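Here's the structure we're looking at; comments come further down.
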There are 2 protein chains.
Amino acid sequence: MAASRLSDIAKRAGVSIAAVSIALNDRNTTRVSAAKRDLIYKIAEELSYSPNELAKALAEKRSRLLGLVVPMRDPIFFNQFIAQALSGIQSTLMRRGYNLLIFSPSGRPGRTTRDQILESRFTDGLLFINTRSCSARDINETIHELNEAKIRFAMMNSYYGRAPVNYVGVDDAAIGEAAIRYLVQRGHKRIAFLSGESTLPTHIHLLQGLRRAMIDFGLELKPEHIGCTHYDQTQAFSIMDAWFARKKDRPTAIFAADDTLLVHIYDYMEARRLSAPGDVAILARANSANAGGLRPRPTAFFIPVFEMGQLAADMVIDAIEKPERPPQRVLLPFTFSAGNTT
Amino acid sequence: MAASRLSDIAKRAGVSIAAVSIALNDRNTTRVSAAKRDLIYKIAEELSYSPNELAKALAEKRSRLLGLVVPMRDPIFFNQFIAQALSGIQSTLMRRGYNLLIFSPSGRPGRTTRDQILESRFTDGLLFINTRSCSARDINETIHELNEAKIRFAMMNSYYGRAPVNYVGVDDAAIGEAAIRYLVQRGHKRIAFLSGESTLPTHIHLLQGLRRAMIDFGLELKPEHIGCTHYDQTQAFSIMDAWFARKKDRPTAIFAADDTLLVHIYDYMEARRLSAPGDVAILARANSANAGGLRPRPTAFFIPVFEMGQLAADMVIDAIEKPERPPQRVLLPFTFSAGNTT
DNA sequence: ATGAAAGCGCTAACAC
DNA sequence: GTGTTAGCGCTTTCAT
């Protein structure tokens, strides 16, 4: 009743297990006579033989499995960012003949993702999609443990550290600079920045770029015009209310750090009966899969999430197949898309 | 440089491999003395030991891995139906301690999904999400091969056959009946049905229910009011144009077989400056994740996709863990949601 | 309590 | 060409 094995075929064909293995793995091998080979194939067919990949992987010391880790509480599959990244990852895996193992987040509260990963060595390597819930400290600890355990990996999206790891992200400082350049060229001087938590890599890098460019133009990003949130709408609303309270200092443009905040801004504008760009210009750093459907279409710098996924997957596989290659660190170019909000 | 093994720990601790295995797998075992156990844990920590799950799975004859197969051309992660199903699957896997293996569709044209699956015996079982591109024949052949190869599996969403397999779906015939009942009770007599290909299980079952209910009410579902499409908007438009061409026979209500078609109807109404329910009532069978955002909100029968995923995953795991249990076949109840289109 | 040894199903090195 | 042999890293009897 159990599935058939190489030994079953070998027995029936009257040949050795090795012969069966060789024949089945290479139709055109010369190491097995044509007659035997045909017999082997015939019997394999009869027995509906399918190899035990576990045994194969153990013997070959590689499973062609890539593990995916997304440190996130919410269901990952509803997240458009993740969906885009996964599609990119898939495209690379297809091309290079790997499959994807998605770890189920453990329900046990005491166990961290890290422990779990270390316990799950099915895979040849691991791919991390860092999210808003990854602090710099979390990430650095993870990196340390992975290196200790000699696990090959790559990370994508927002890493803030200097350790030599395979990483693909986007140059947020450059986005920040580009944002200011764009806005200032269109006459804006009082620019506000609506962002996430102040500890996030993305926030820090964007801010760096924004400040640098403002200084270049002889302008200033006022502290009260930097609004950090926990991605909470109420909080975002009260920040913007404060911005708009005084007619005089009111910002003429707002730059949003990501899609979620952009949507908060849209909601706010609707609630307060404001419109862009008439009352205030809106510019954003966004993921096209999320922001693509918004009306009016936002003017935005789009992050190449699909490509990030592709490249990150390639990086892990390279790390697996060419262990001598030093870790790569790539910042992908972003794209600009003019919409109707500036 | 390689990852450490049980034997490394055993050597350093001066104990047998078996002792290490036992100690590491059960902190409270009495089969290893406390002193040795502590030493073993200390050394494991020092060496950053993490077990080779491949070897473990081979020895235990189970990997706690579930394979997912989605016969679909497009990237699966952008599909809201799949995303919902995956979330349901994940929730079961978390609860029962399994991980998910997502097979990369093979680029090689000659190879079918089936061959690939049979070659990928990493998993303890397989979960199939049948889609619009699965013909009854495809599915039956797949089932046959899986049984031959003694692979445990479950299928979800639209299976049209009698073979005793683990299956979870929704009672489309009942939806069809409910649709007619709802519409007739609101005074509709000329009802049109916009659907997908006539060979799809869903189409067939819906039609069954629609017809049955119409007959019960002494009405008739006119052949010209059954519109089958390849999910192509142009085609859908011309079908509806034909329906609306003649003032006299014009349907007073349209029932859409799924979300895609519902969107075609919305687009059509906008293009032709029609409105629901004024010009025609719209009722649909839909997936809430897809149709939830539509405006006006559609009146619809919603399919419990998340629950289908959950249950399907439970079915495979049951099939794995309780092999003697006969295959289950469950049709989940749908929900009705009154919107503004009827 | 502890270790030796067999075995999971396969690959690969090596002899013949 | 073909078969024998020795692993891959782990679990699990079964003696001691």
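As the structure is a prediction and not an experimental result, all values here were calculated from the model. Each chain gets a letter, A, B and so on, in the order its sequence line appears, and its residues count up from 1.
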Can you check nucleotides 14-16 of chain C for protein contacts, nitrogen or oxygen pairs under 3.5 Å, and list what you find?
unit_1: C/dC14; atom_1: N4; unit_2: A/R31; atom_2: NH2; d: 3.1

Near DNA chain D, which residues from [range] have a heavy atom under 4.0 Å away?
range	answer
residues 34-52 of chain B	B/Y49, B/P51, B/N52
residues 20-28 of chain B	B/S21, B/N25
residues 53-67 of chain A	A/L58, A/A59, A/K61

By salt bridge (charged side-chain N to carboxylate O under 4.0 Å, His left out), which residues pair with [X], not counting sequence neighbours?
X	value
A/R95	A/D314
A/R64	none
A/R137	A/E141
A/K61	none

Exercise for the section: Verify side-chain hydrogen bond (donor to acceptor under 3.5 Å, both in side chains) between B/D124 and B/S63, making sure each step is shown before the conclusion. Expected result: CA-CA 6 Å; B/D124 292 340; B/S63 61; 3.2 Å; yes
Exercise for the section: Hey, can you tell me if A/F77 and B/F77 have their rings parallel, tilted or perpendicular (30° and 60° cut-offs)? Expected result: parallel
Just grab all the side chain to side chain donor-acceptor pair (under 3.5 Å) pairs involving [range], residues at least two apart or on different chains.
range	result
residues 8-17 of chain A	A/R5-A/D8, A/R12-A/E46
residues 48-57 of chain B	A/R121-B/S50, A/E148-B/S48
residues 29-39 of chain A	none

Quick one: closest heavy-atom pair of [X] and [Y], and the distance?
X	Y	result
B/L86	B/L100	CD2-CD2, 3.7 Å
B/G125	B/I320	N-CD1, 3.8 Å
A/L39	A/A13	CD2-O, 3.8 Å

Exercise for the section: Before accepting this row, confirm whether a basic side-chain N of the pair B/E321/B/R96 lies closer than 4.0 Å to the acidic partner's carboxylate O. Expected result: yes
Handout entry: Pair B/D318 + B/R325, salt bridge at N-O below 4.0 Å
Key = yes
Problem - Rounded distance (Å) that lies between atom P of C/dG3 and atom NZ of B/K11 - result: 15 Å
Practice task
Tell me, please, the opening and closing nucleotides of DNA chain D, 5' to 3', among those with an atom under 4.0 angstrom from a non-hydrogen atom of chain A.
Solution key: D/dG1 to D/dG9
Handout entry: Quiz item: cation-pi between B/R27 and B/Y41, 6.0 Å / 45°
Key = yes
